A.B. asks: 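Please read through the structure below; I'll follow up with questions.
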Amino acid sequence: MDRLTRGFYERDALAVARDLIGCLFVRIGAEGSRVGVRLVETEAYRGPMDPGSHGYRGMTPRTRSMFGPPGRLYVYFTYGMHWCVNVVCGREGECEAVLLRAGEPILGREEMTRRRGGGPERLVASGPARLAQAMGIDRSDDGASLLRGGGFFCARDDQTDTYRDAEVSVTPRIGLAQGRGEDLPWRYVVAGSPFASRSHRAPRRARRTG
DNA sequence: TGTATGATTGGCT
DNA sequence: GCCAATCATACAT
């Protein structure tokens with residue numbers, strides 16, 4: 001299992017979002033303890049060309065890390081109570097990032113469940129704010145490095161198969177208002193994964209008409 | 001200084 | 001399915 005290096009992140013957010021599916025996202029804690037999830041849901045945010053991105057109107061104090069070098073975290077606070085975590089990608093000076101929306105708890109499951117206040121394991125990291133809370137990520141982790149020496153990393157997990165394209169669905173992103181690129185198919189999710197977040201646009205079940 | 005809004009979640013009907 | 005919680009942020013005044 002190898003830590004992904006800068007070249008992995010220094011690419012278009014769509015490529016990174018797709019390729020992070022099935023990877024482990026790990027936090028190295030005090031005394032080397034680790035918590036980590038296998039990513040099953042990601043979304044790409046693409047800067048000045050993307051009205052859904054926090055960086056659409058240029059850099060602000062909040063979005064500074066999204067414009068920085070790839071291979072770091074962009075962590076933001078929303079709805080007055082939730083933290084969400086992105087992986088910064090693209091080239092330095094660009095504004096590209098991948099929102100980590102959901103994962104399957106793998107390392108430190110007990111610790112993550114405790115941080116979430118209990119509940120079934122499939123819900124521990126099933127949503128961007130849940131994932132961040134489970135892994136103890138907050139403002140102090142904004143800008144943290146995923147590269148060598150950093151306290152976080154992503155890794156391809158060669159112990160198990162990575163997901164084939166046929167197993168990964170591509171859908172519009174979740175939670176965007178109209179006019180914010182709400183129809184762009186920039187979300188990647190493992191089809192049928194019990195660890196993925198509940199879609200706010202749940203596919204309607206077919207109805208018998210008569 | 002004022003105000004609208006949000007890359008969400010959890011609880012309730 | 002509906003909606004309140006709760007406040008940093010961005011932008012208007």
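Since the model is a prediction, treat every value here as computed from it, not as a measurement. Each chain gets a letter, A, B and so on, in the order its sequence line appears, and its residues count up from 1.
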A.B. asks: Round to the nearest Å and state the distance from A:Tyr79 atom OH to B:dT9 atom P.
C.D. replies: 10 Å
A.B. asks: To the nearest angstrom, how far is A:Trp83 atom CH2 from B:dG6 atom C1'?
C.D. replies: 14 Å
A.B. asks: Do the ring planes of A:Tyr74 and A:His54 sit parallel (below 30°), tilted (30 to 60°) or perpendicular (above 60°)?
C.D. replies: perpendicular
A.B. asks: Applying a strict under-4.5 Å side-chain criterion to I, L, V, M, F, W and Y, I'd like to know whether A:Leu4 and A:Leu131 cluster together.
C.D. replies: yes
A.B. asks: Between A:Met81 and A:Pro61, which has a closest nucleotide on DNA chain C that is more 5'?
C.D. replies: A:Met81
A.B. asks: For atom P, what is the distance between C:dT6 and B:dG2, given to the nearest Å?
C.D. replies: 22 Å
A.B. asks: Ring of A:Tyr45 versus six-membered ring of B:dA7: centres under 5.5 Å and planes under 30°?
C.D. replies: yes
A.B. asks: Rounded to the Å, how far apart are A:Arg116 CZ and B:dT9 P?
C.D. replies: 8 Å
A.B. asks: Please give, in whole Å, the distance from C:dT9 C1' to A:His82 NE2?
C.D. replies: 16 Å
A.B. asks: Counting heavy atoms from C-beta on, name the nucleotide in C:dC11, B:dA7, C:dA10 closest to the side chain of A:Thr60.
C.D. replies: C:dA10
A.B. asks: Rounded to whole Å, how long is the line connecting atom CZ of A:Arg198 with atom P of B:dT9?
C.D. replies: 9 Å
A.B. asks: On the ring face of A:Phe153, is A:Arg34 found with NZ or CZ under 6.0 Å from the centre and within 45° of the axis?
C.D. replies: no
A.B. asks: Just how far, in rounded Å, is P of C:dA8 from CZ of A:Arg139?
C.D. replies: 10 Å
A.B. asks: Partner of B:dC12 by Watson-Crick or G-U wobble geometry, both contacts under 3.5 Å, or none?
C.D. replies: C:dG1
A.B. asks: B:dG6, C:dA10, B:dG10: which one has an atom nearest the side-chain heavy atoms of A:Ala177?
C.D. replies: B:dG6
A.B. asks: Could you tell me how far B:dA7 sits from C:dG1 if I compare only their C1' atoms? Round to whole Å.
C.D. replies: 22 Å
A.B. asks: Return the value, rounded to whole Å, for the distance between atom CG of A:Leu73 and atom P of B:dA7.
C.D. replies: 19 Å
A.B. asks: Taking CG from A:Asn86 and C1' from B:dT8, how many angstroms apart are they, rounded to a whole number?
C.D. replies: 14 Å
A.B. asks: If B:dG2 has a Watson-Crick or G-U wobble mate with both distances under 3.5 Å, name it; if not, just say none.
C.D. replies: C:dC11
A.B. asks: Using heavy-atom distances to pick each residue's nearest nucleotide on DNA chain B, tell me which of A:Gln133 and A:Leu99 is more 5'.
C.D. replies: A:Leu99
A.B. asks: Stepwise, does the side chain to side chain donor-acceptor pair (under 3.5 Å) test hold for A:Glu41 with A:Ser197?
C.D. replies: CA-CA 8 Å; A:Glu41 183 179 345; A:Ser197 73; 2.9 Å; yes
A.B. asks: Describe the nucleic acid contact of A:Gly127 in one word from base, sugar-phosphate, nothing, applying a heavy-atom distance below 4.0 Å.
C.D. replies: sugar-phosphate
A.B. asks: Is the cationic atom of A:Arg11 (NZ for Lys, CZ for Arg) positioned less than 6.0 Å from the six-membered ring centroid of A:Phe8 and within 45 degrees of its normal?
C.D. replies: yes
